[in-house]
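Encoded as structure tokens, the structure appears first; notes follow it.
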Amino acid sequence: MRVRFAPSPTGYLHVGSARTALFNWLAARHAGGEFILRSDDTDQARGSDEYYRDVLDGLRWLGLDWDEGVEEGGPHGSYRQSERLERYQEVAEQLRDRTAAYLCFCSPEELDDRRRQAQAEGRPPGYDGRCRTLAGAESQARRAAGEAAVLRLAVPRPGETVFDDVVRGEVRFGHDHVEDFVLLRSDGTPTYHLASTVDDVDYGITHVVRGEDLLSSTPKHILITLAMGAEPPIYAHLSLLMGPDGKKLSKRHGDTALNAYREGGFLPEAFVNYVALLGWNFGDDETVFTRAEMVERFDLSDIQKNPAVFDNEKLIWMNGVYIRDLGADEFIARTLPLVEADLGRPLDEDERATYRAIAPLVQERMKLLTEAPAQVRFLFVEELEYDPASWHKVIVKPDSRAALEAAKARLGDLGEWTTDAIEQALRAMLEELELNARKGLQPVRVAVTGSSVSPPLFESLEALGPERTLVRLQEVLDGYDGQ
RNA sequence: GCCCCCAUCGUCCAGAGGCCUAGGACGCCGCCCUUUCAAGGCGGAAACGGGGAUUCGAAUUCCCCUGGGGGCACCA
């Protein structure tokens, strides 16, 4: 099996394309075949190097390695269509020689008029084949005279193209609805249909796995393949991804660029796992599984036909699962840079030790890597910023001042600064004041961490150390008098 | 306008004639655990779009309707 992912660098890699790439990759890995990456950049004007890099970065981030193609090389040359123009022209010439294609001199304006008219009359809007009957000699003469022309495929008429789609079953298109489409533009450059098909043939692609938006173009590709004297590949058309409103996933649903997910604190493993579930299932009732398990079970023929809505909530949940599953060192390696970026400075040795100690506790209560900084910020800043809502909810309450005073007294007398000792001291404080944990401990939490949401209190205090803990308690106590 | 595709809880999937009083996951709602937030445990609400047909029997087959999606370029 040889499959390919062939993005055109006209935009950032988005989640829909990422899913197509994943399914191609899974199919190849499952079958022990090759996954090929090609750049469909025939449209020079719209492509850009930035987008091209983004695609490669995205695939690498997801761990979808390719065996052949762009940057990787292989037996077929460049794998960038912009560098294969002569080959497409060569094929085009051959097709014309065999009268499988013909020159068309109709102007864009004429074409437009006729299309409109056809539509108004309820006929298929495709090209009417006017230039198809031009004698070869006349054709040549007009071209020699410098008249602009495109090359069109002579679609067999009457006729019909039937193929067996792996996910959709038998699909048929009557040629009444397949126009004599353009292969070569008047400037001699190939259209997508030509370039893509020639590459698929040249590269020996056996399975074309792509989005459903190309389903109705498939007859064109099959016709070109046949005209080249080659055997068409097997096709598998994936249903499209939808937004929450059931419409095709697009920018108006928020950021659909893959790199937004990377920057948003998602783990590639989680993303891959989640996306694999859109239109496919593991069997059993499992929803979380490893990449190896996925590869082992994946089968194109198990893919579902109906479109799937991309559900951020479930992705976020799954990301939490994967975060909790990370080894301690791995978790630290992935979050430390975020913490440092948040602070705007690197952590020193002691601070790193502190982070290492608290990290397992924050790991349990995160769904996105990007949540880490906020959870540990109180450990590394001099000036604590208090969350206003927490302040009003907790510090302003009647019993809070007494609790803070007592807590400060007890903690100030503490011999050893350990989680256990801190817990004992504070529990004794609760007993003394006859306060429940909520009333007595929350003020301490807010005073010391700045928020009513934090890692576990006693561990947090231990990590923060006695000096800063006492200072913060005192600062809040001072504040009461100021009010 | 024309062609094509699709249709099970709000969402993602399971279900390939009787195993379905339709199963799992996310989310949601309760309860438990608990110093907060999470995590975890237990429980709950929640779906076969409608109508015909075939059959002893249909979520599963067929037809129509409706709804949704995709495509119809010298874009990819």
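Sequence lines set the chain letters: A, B, ... in the order given, protein chains first and strands last, and positions in each chain run from 1. Side chains included, hydrogens not; waters and symmetry mates left out as well; all remaining heavy atoms used.
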- Task: Name the pairing partner of B:A53, where a pair is Watson-Crick or G-U wobble with both distances under 3.5 Å, or state none.
- Result: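 Because both required distances fall under 3.5 Å, B:A53 counts as paired with B:U61.
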- Pair partner, B:C72 [Watson-Crick or wobble, under 3.5 Å]: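 B:G1 is the nucleotide pairing with B:C72.
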- Let me have a per-nucleotide readout for nucleotides 24-34 of chain B, 5' to 3', with B, S or -, counting only protein heavy atoms under 4.0 Å. SBSS-------
Return the nearest nucleotide to the side chain of [X]; candidates are [options].
X	options	result
A:Arg365	B:A38, B:G69, B:C72	B:A38
A:Leu215	B:C13, B:C4, B:G1	B:C4
A:Leu111	B:A38, B:C74, B:G69	B:C74
A:Arg438	B:C5, B:U36, B:U8	B:U36
A:Ser186	B:C74, B:U36, B:A76	B:C74
A:Ala308	B:G71, B:U11, B:C13	B:C13

- Item | Between B:C2 (P) and A:Asp176 (CG): distance, integer Å |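 About 14 Å, once rounded to whole Å.
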- Message: From CE of A:Met318 over to C1' of B:A39, roughly how many Å is that when rounded to an integer?
- Response: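 That distance rounds to 16 Å.
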- Task: Not counting sequence neighbours, which residues clear ring pair (Phe, Tyr, Trp, His ring centres under 6.0 Å) with A:His193? List them please.
- Result: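 In terms of ring pair (Phe, Tyr, Trp, His ring centres under 6.0 Å), with neighbours along the sequence ignored, A:His193 is linked to A:Phe181, A:His221.
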- Query: Which whole number of Å gives the distance between the C1' atom of B:G70 and that of B:G51?
  - Reply: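 That atom pair is separated by 27 Å.
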